[in-house]
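Beneath this line is the structure, given in structure tokens, with notes to follow.
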Amino acid sequence: MSVLTAERIRTATADTLREARFRTGPSPRDLWLQRIQKAIIDWLERWGDTLLGSASLAAKLEAFFWGFVALVALALLGLLARAVVVAWLRRAEAPATKKITAAPPLRPESPASLRARAEALAAAGQYGPALRWWQQACLQALDRRGLVAVRRSATNGEYLRQLLPHPEPRARFSALTGLVELHMFGGAVLSEGQYQQGLEQARALLEGDGA
């Protein structure tokens with residue numbers, strides 16, 4: 001059995017530490033960061049030489065630091081000022097937006113006037129425009145009965161949705177509106193027979209309207 005000596009212990013320790021599992025060194029990521037750091041320091045030194053001449057590296061770095069702080073402060077002030085201006089503009093535009101979205105109700109025209117318009121157009125053979133006026137008369141009557149709320153911005157689809165709890169008026173208004181939209185959006189020239197169909201629906205909707 002060999003005797004352990006200090007020399008043998010040092011030799012065994014050195015051999016063990018030379019094994020791959022005990023080797024230490026910077027990782028590829030650390031090396032990449034070191035290269036980036038060195039490149040930044042080299043650039044700062046060159047920039048400092050140009051800006052400050054023969055000033056010391058510490059003075060150069062201090063000047064760069066305060067310059068960087070000033071740039072960050074200016075950027076933050078710019079963002080703050082932009083946020084304040086945007087908030088002010090939005091607050092100024094809010095009343096105008098409210099006025100646009102809250103459409104006023106239509107000023108009701110007298111039932112006699114609406115029917116007179118419709119009958120005059122029908123007598124001239126303009127059946128599509130005539131049904132449009134009958135439709136307006138029906139809307140005024142439905143509004144007075146509390147079945148719809150006539151609004152300037154409302155569409156025919158919205159009126160039909162308001163009439164969902166009232167199947168019979170909804171069906172009649174839907175039939176009348178279909179003929180009106182066929183003329184308005186489909187470009188169809190309505191026949192006298194189609195006019196009579198729409199007129200039948202309109203008269204049923206207007207029946208019992210005492211206005």
Practice problem: Please test Gln136 against Leu139 for side-chain contact (heavy atoms from CB on, under 4.5 Å), starting from the C-alpha separation and ending with a verdict. | Solution: CA-CA 5 Å; Gln136 292 302 312; Leu139 281 173; 4.2 Å; yes
Self-check item: Other ILVMFWY residues reachable from Leu121 by side-chain steps of under 4.5 Å
Solution: Leu114, Trp133
Self-check item: Straight-line distance of Glu119 CD to Arg115 CZ, nearest 0.5 Å
Solution: 8.5 Å
Quiz item: Is Gln197 close to Leu176 at the side-chain level, that is, under 4.5 Å between some pair of heavy atoms?
Solution: no
Quiz item: Tell me, do Gln162 and Leu147 make a side-chain contact under 4.5 Å, heavy atoms counted?
Solution: no
Quiz item: Gln194: what forms a side chain to side chain contact (heavy atoms under 4.5 Å, CB included) with it, not counting sequence neighbours?
Solution: Leu179, Leu182, Leu190, Ser191
Quiz prompt | By side chain to side chain contact (heavy atoms under 4.5 Å, CB included) - contacts of Ala154 (at least two apart) | solution = Arg151, Glu158, Tyr159
Quiz item: Which residues satisfy the ring pair (Phe, Tyr, Trp, His ring centres under 6.0 Å) test with Phe173, sequence neighbours excluded?
Solution: none
Quiz prompt | For Arg132, all residues meeting side-chain hydrogen bond (donor to acceptor under 3.5 Å, both in side chains), sequence neighbours excluded | solution = none
Quiz item: To the nearest 0.5 Å, what is the distance between CD (Gln140) and OG (Ser113)?
Solution: 10.5 Å
Self-check item: Residue pair Asp143 / Val148: nearest heavy atoms and the distance that separates them
Solution: OD1-O, 3.1 Å
Exercise. Mind listing the closest non-hydrogen atom pair of Ala130 and Tyr195 along with its distance?
Key: CB-CE1, 3.7 Å
Exercise. Might you point out which heavy atoms bring Ala188 and His183 nearest each other, and give the distance in Å?
Key: O-ND1, 3.1 Å
Quiz prompt | Distance in Å, Trp134 CH2 paired with Gln201 CD, rounded so as to fall on 0.5 Å steps | solution = 13.0 Å
Self-check item: Sequence neighbours excluded, every pair satisfying salt bridge (charged side-chain N to carboxylate O under 4.0 Å, His left out) that has a member inside residues 171-187
Solution: Glu168-Arg172
Practice problem: Drop me the distance from Leu205's CG to Gln135's CD, to the nearest 0.5 angstrom. | Solution: 10.0 Å
Quiz item: So which heavy atom on Leu142 is nearest to which on Leu163, and how close?
Solution: CD1-CD1, 4.2 Å
